[in-house]
Amino acid sequence: MEVDPRRIHAGVIKANTAGASQYRFHLNNLITLYFKSGLVAEAVNVFHQIPSPNVVSWTSLISGHSNTPFGLGYFISMLRHPTLPNQRTIAIVLKTCASLPSLFFGLQIHALSTKLSLASEPFSASALIHFYSKTQLPTNAQKVFDEIPERDAVCFSSVIVGLAQNSKPIDALSYFAEMRACGFGSTDYSVSAALRASAELASLEQCRMVHAHSVVNGLDSNVIVGTALVDGYGKCGMVDEARLVFDQLVSILNLIGWNAMMSSYAQQGDKDSVTELFSMMEYRGQSKWNSGDRAMRAMTTGNTKIGSVGEFFHRLGLFDLGSWPRSCPKRLNHQAVCPNSCSSAMH
DNA sequence: TTAGGGTTAG
């Protein structure tokens, strides 16, 4: 049953007899709840009701605006408040920098993380690796990983994914082997990336090894691993094995999986199988996913009317981020760019 | 005690 955040909000107001920190704790949770329900204005409103927002309050607010320039704007407001970020805040801001993408802002965040001794913490480091991978700087990503003293499975997965995405399959598989040697269990992220690397090498033996590994670890029925398997076998020229995986997982595969299977046939010049599969896809109504995917992409890439990150900060009068002010010399005109929310957080 | 990092095609 769906929880209505407004009912919870009413309960928090009624029960506001506890101390200030307890009240803030409940409001922080409410911010997240409102964002998850798509009630952005209400979430921002709750933030402004917190007398003394802490790092969790700010991170919740920034997270609700992740992947949009507003998230970066709120991060600057947080620094000016002043509240120092922790590795969770850094992670969500870097995720936004990777998604926009904004190399310039991300580099500033890396510098700040280093100053705050957060660049090697698992959460911020894995986000840094992701950021450098998305900005096509895999050597930087690798350097960040190598400097993490205590790595976890996500750090490993991030570097494997990043190297595989940047056409460094040998390095990716080397980290995949290291991850296992260090005793970490494989994840759907690391396995799908290892398959992508194997596919780029067109190494059938490697594909089969990772496939067997995914079966042992119970990951072979995962939709993304399954798609990577179809793609991997296809690129190794083993279209029958690709089809075997495809048929086993057809009930859960999405448009990407169908495309991977059709590409496998196309690479063999088997146009009859391609058209047959395409007809089957249309019959099942799967071709409709195309528009769905486009809509999803528009939603997740920060589809605002503002042309670029640079334009956004130019409008805020903050174009030169190289010189962050220590005090608050200038009030930002948040209403000009975000008329539906309060402006006092943006200073 | 809350917030939070990494995947599949072309």
Side-chain angles (χ1 to χ4, degrees), chain A residues 12 18 21-33 35-36 43 47 50 53-64 66 71 78 83 85-99 113 118 121-134 141 144-145 148 151-165 172 175 179 184 186-197 199 214 219 222-232 234-235 242 245-246 249 252-264 266-267 289-290 293:
Chain A
V12 171
S21 65
Q22 193 68 20
Y23 183 55
R24 182 174 61 195
F25 171 83
H26 289 306
L27 291 184
N28 287 348
N29 284 327
L30 254 179
I31 294 173
T32 309
L33 207 55
F35 275 127
K36 281 184 179 165
F47 175 85
I50 302 174
N54 64 1
V55 63
V56 179
S57 321
W58 281 103
T59 306
S60 305
L61 181 70
I62 293 165
S63 172
S66 65
M78 174 186 179
T83 303
N86 61 20
Q87 61 163 330
R88 289 156 174 80
T89 325
I90 294 292
I92 195 71
V93 174
L94 281 167
K95 187 182 176 186
T96 300
C97 294
S99 156
S113 311
L118 295 172
E121 292 294 311
F123 273 76
S124 37
S126 54
L128 266 172
I129 292 165
H130 174 67
F131 163 71
Y132 280 125
S133 303
K134 285 289 175 194
V144 170
F145 177 83
I148 306 171
R151 299 153 183 171
D152 63 14
V154 177
C155 296
F156 267 105
S157 299
S158 301
V159 77
I160 297 165
V161 168
L163 292 170
Q165 285 175 340
Y175 280 110
M179 180 178 180
F184 289 103
S186 291
T187 65
D188 43 353
Y189 291 83
S190 66
V191 168
S192 56
L195 284 166
R196 181 178 172 143
S214 71
L219 294 166
N222 174 278
V223 62
I224 295 174
V225 171
T227 303
L229 276 169
V230 171
D231 185 54
K235 284 184 176 150
V245 175
F246 176 84
L249 298 177
I252 60 161
L253 288 178
N254 56 23
L255 183 76
I256 300 174
W258 283 76
N259 281 350
M261 191 62 240
M262 283 189 280
S263 298
S264 304
Q267 282 168 52
W289 292 342
N290 203 5
D293 278 5

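Both backbone and side-chain heavy atoms feed into the values below; hydrogens, waters and symmetry mates do not. Letters A, B, ... are given to chains in the order of the sequence lines, protein chains preceding strands, and every chain is numbered from 1.
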(request) With heavy atoms under 4.0 Å as the rule, sort A/Thr187 into base, sugar-phosphate or nothing. (result) base
(message) Please check this pair: side chain of A/Ser124 against backbone of A/Leu118, looking for a donor-acceptor N/O pair closer than 3.5 Å.
(response) yes
(request) Indicate, with a heavy-atom threshold strictly under 4.0 Å, whether A/Val161 touches base, sugar-phosphate, or nothing. (result) sugar-phosphate
(message) OP1 or OP2 of B/dG10 versus the side-chain N and O atoms of A/Lys235: is any pair under 4.0 Å?
(response) yes
(request) Would you classify A/Ser158 as touching base, sugar-phosphate or nothing, given that sugar-phosphate means primed atoms plus P, OP1 and OP2, and contacts are heavy atoms under 4.0 Å? (result) sugar-phosphate
(message) Tell me if a side-chain donor or acceptor on A/Ser66 pairs with a main-chain N or O of A/Ser63 at a distance below 3.5 Å.
(response) yes
(request) Look at the aromatic rings of A/Phe156 and A/Phe184 and report parallel, tilted or perpendicular, splitting at 30° and 60°. (result) tilted
(message) Check the phosphate of B/dT8 against A/Gln165, side-chain N and O only, distance under 4.0 Å to OP1 or OP2. Yes or no?
(response) yes
(message) What is the separation between atom CG on A/Leu33 and atom P on B/dT1, rounded to the nearest whole Å?
(response) 21 Å
(request) Name the nucleic acid region contacted by A/Thr32, choosing base, sugar-phosphate or nothing; use a 4.0 angstrom heavy-atom cut-off, strictly under. (result) sugar-phosphate
(request) When you get a sec, tell me which of B/dG6, B/dG5, B/dT8 is the closest nucleotide to the side chain of A/Asp152? (result) B/dG5
(request) Would you please test A/Ser157 and A/Thr187 for side-chain hydrogen bond (donor to acceptor under 3.5 Å, both in side chains) and show each step? (result) CA-CA 7 Å; A/Ser157 299; A/Thr187 65; 3.1 Å; yes
(message) Would you say A/His26 places a side-chain N or O within less than 4.0 Å of OP1 or OP2 belonging to B/dT1?
(response) no
(message) Just the rounded figure in Å: distance from P of B/dA9 to CG of A/Leu229.
(response) 12 Å
(request) Measure from CD1 on A/Ile31 to P on B/dA3 and round the result to the nearest Å. (result) 11 Å
(request) Give the nucleotide from the list B/dT1, B/dA9, B/dT7 with an atom nearest to the side chain of A/Phe25. (result) B/dT1
(message) What's A/Asn54 touching, base or sugar-phosphate or nothing? Going by heavy atoms closer than 4.0 Å.
(response) base
(request) Using only heavy-atom distances, decide whether a donor-acceptor pair under 3.5 angstrom links the side-chain of A/Asp231 to the base of B/dT8. (result) no
